[in-house]
Amino acid sequence: MSNDVKEIFSDGRGRPGGVATPAAPAPAALAAKVRTLAPSMTRSMQRVAEAVAGDPAGCAALTVTGLAELTGTSEATVVRTARLLGYPGYRDLRLALAGLAAQQQSGRAPSVTADIAVDDPIADVVAKLAHDEQQTLADTAAGLDTVQLGAAVTALAAARRTDIYGVGASGLVAQDLAQKLLRIGLIAHAHSDPHLAVTNAVQLRSGDVAIAITHSGSTGDVIEPLRVAFDRGATTVAITGRPDGPVSQYADHILTTSTARESELRPAAMSSRTSQLLVVDCLFTGVTQRTYETAAPALSASYEALAHRHSPRTR
């Protein structure tokens, strides 16, 4: 192994910078990880990622030197790519590649979605969108770190108060999570106005939770209040499609989302919302399980309070 490769492991604590490396994703999550992270990779790392996703069986048979030669990169680049995809080292990536190859041979390989064309019949549009939604949900589920999810659920269930930050499409998801938590009797607020988000974040303290929802991982209006909450001692969570983005600097727990491929007729904001809502539902369900004795009566009370609005009115 070259000195460059050895340096990557020098801090002895997982990811560079001292951040603990999460559990390596399952083989089924590899293709999802590549689709999610490739846009943020350097071109040389993209070549490695595309190679392992395109030919897992072939790459599984290669040493780190062999894969570097195949992709025209270096051993260090191969190892960095493996780590960015969530594997402690290249050996772990090779094991995942072998597993993915076995899945593909059994006929369970992930399919590739075709882009929607301007002249597509509406029936084709429906079929393609449905396929993309299914793939997005499957990718998100495969790549979601359940240890991080469990820790976030624990913090939410015990929180004095939860603030949720999101703008644009992510702001709609923030509102969805807030109203879900409110219906089980928890104090939660969604903030899409960056000024209000920051002025509320300064009121947070240890025992509170702040959640940032940003597909890009670099939305300043969301990162700023999360940073303030982090500095105030609140437990912070990032729901993002870019776990290596700036938002991760201020997140105690990172929940990674996936998206279908962006196209001219379907921007990233549309597909990212699908995966974000899945994560929100996982958080809400987990919190409801942890707080069932109080959550169940609260849910019943909210249903009863609205029941008359869903019944035909009598004159």
Item to check | Test log, rule side-chain hydrogen bond (donor to acceptor under 3.5 Å, both in side chains), inputs Q276 and T257 | outcome: CA-CA 6 Å; Q276 289 170 350; T257 59; 5.2 Å; no
Item to check | Cluster check I122, L129: I/L/V/M/F/W/Y, side chain < 4.5 angstrom | outcome: yes
Next on the checklist: Keeping R47 on the side-chain end and G72 on the backbone end, is there a donor-acceptor pair under 3.5 Å?
Outcome noted: yes
Item to check | Electrostatic pair R94:D92 at N-O distance under 4.0 angstrom | outcome: no
Checklist entry - Same cluster for L172 and I211 if Ile/Leu/Val/Met/Phe/Trp/Tyr side chains link at under 4.5 Å? => result no
Checklist entry - Has L196 got more than 12 heavy atoms of other residues, nucleotides or ligands less than 6.0 Å from its CG? => result yes
Item to check | Donor-acceptor pair between R242 and S216 side chains, under 3.5 angstrom | outcome: no
Checklist entry - Can you tell me if T285 uses its side chain to pair, donor with acceptor, with the backbone of C282 under 3.5 Å? => result no
Next on the checklist: If you define the side chain from C-beta out and look only at heavy atoms, does anything of E69 sit under 4.5 Å from T71?
Outcome noted: no
Next on the checklist: Test side chain to side chain contact (heavy atoms under 4.5 Å, CB included) on L226 and V247; report intermediate values, then the result.
Outcome noted: CA-CA 8 Å; L226 192 73; V247 72; 3.7 Å; yes
Next on the checklist: Is there a side-chain contact between I213 and V222 in this structure, where contact means two heavy atoms from C-beta onward sitting under 4.5 Å apart?
Outcome noted: no
Item to check | Donor-acceptor contact present, side-chain T140 to main-chain S258, <3.5 Å | outcome: yes
Item to check | Note, L144 side chain near L255 side chain (heavy atom, < 4.5 Å) | outcome: yes
Checklist entry - Do D252 and T235 have a side chain donor and acceptor closer than 3.5 Å? => result no
Item to check | Backbone of H195 reached by a side-chain donor or acceptor of T199 within 3.5 Å | outcome: yes
Next on the checklist: Measuring only between side-chain heavy atoms, which start at C-beta, is D244 closer than 4.5 Å to L84?
Outcome noted: yes
Next on the checklist: With a 4.0 Å cut-off on N to O distance, would you call K128 and D132 a salt bridge?
Outcome noted: no
Checklist entry - Does the side chain of R183 reach to within under 4.5 Å of the side chain of Y303, using non-hydrogen atoms? => result yes
